[in-house]
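Before any comments, here is the structure.
The structure presented is a predicted model; accordingly, all values stated were derived computationally and were not measured. Read the numbers this way: they start at 1 and go in the same order the structure lists the ligands and their atoms.
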Amino acid sequence: MNRPAIFDALSEPVSRRITSGLSRIALVLRTQAWRGAEPEGVTPTQAQALTALREGGEGMRLAELAAQLGVSAPTMSVRVNALIAKGLVVREAGVDKRSIRLRLSPAGAELLERSARWPDFLARAVGVLDEREQEDLLRSLVKVIRTLQVEGDVAPQRMCVTCSHFRPFAHPDASLPHHCAYVDAPFGDRHLRLACPEHEDAPPPQQRAAWERFTEQAPGSAPGSAPA
Ligand code: SF4
């Protein structure tokens, strides 16, 4: 018996089930992430701040760090003061109070190396996907995160697709089609970065042009499927 449409009627929209799946993963992350840091006297939220500072490269202002992690500046100030007291973060004086930058201290970097076990359980789960599936998932995540950023739901991320050095589909090689002008080398979708220390924000017109080219030429992508 041919009843092709029955599950269309029985199912919630795919987007809602994907969102539900992402919520479950987020719950696991909240409960599991940074358990390795707790014996070191660092809370999961403090460990998130350490991670953001490591990805920040040149150091970050308190307001930037707060925006990155979606908390208020006073809340972040409490967390940062605790990390400074533990010797895990250092303050670097600027010309005025607003230009003070926060950096990971060598002890903070070492603690991250020792305690960052959280990617392990998630990496094992992601490892069941084959290379192609992982690449597709990474590309999909980039699209979702960039859309959240454009709509103001997450702070600007240091992703290739918003970087002034990103040249999408600059090469004919299907496995290495993009170009990073910072290192002057080709790269593929599997190399797309979500948090690159060398990232520099491209001006909005360059970001829009790069995004159009990236989405129009990406395999299986529908042009204009995400905000420009
Ligand atoms: S500098 Fe980093 S973020 Fe920018 S294109 Fe190169 S790898 Fe990507």
(request) Answer yes or no: is there a donor N or O on one side and an acceptor on the other, between the side chain of Q206 and the main chain of S164, under 3.5 Å? (result) yes
(request) Could you find the nearest protein heavy atom to atom 6 (Fe) of ligand 1 and give me its residue, atom name and distance? (result) C180 SG, 2.3 Å
(request) Check T75, L88, L62 against V80 for a side-chain contact (heavy atoms from CB on, under 4.5 Å) and give me the one that passes. (result) L62
(request) List the atom of R91, the atom of N81, and the distance in Å for their closest heavy-atom pair. (result) NH2-OD1, 2.7 Å
(request) Considering the heavy atoms of Y182, write down every atom of ligand 1 situated less than 4.0 Å from one of them. (result) 1 (S)
(message) For atom 8 (Fe) of ligand 1, what is the closest protein heavy atom, and at what distance to 0.1 Å?
(response) C160 SG, 2.4 Å
(message) How far is atom 3 (S) of ligand 1 from the closest protein heavy atom, and which atom is that?
(response) C196 CB, 3.4 Å
(message) Hydrophobic cluster membership, with links at side-chain heavy-atom distances under 4.5 Å among I/L/V/M/F/W/Y: are I145 and F166 in one?
(response) yes
(request) Report the part of C163 (side chain from C-beta onward, or backbone N, CA, C, O) that has a heavy atom under 4.0 Å from ligand 1; answer both or neither where that applies. (result) side chain
(request) Looking only at non-hydrogen atoms, find the nearest pair between H199 and M159 and report the distance. (result) CD2-O, 3.0 Å
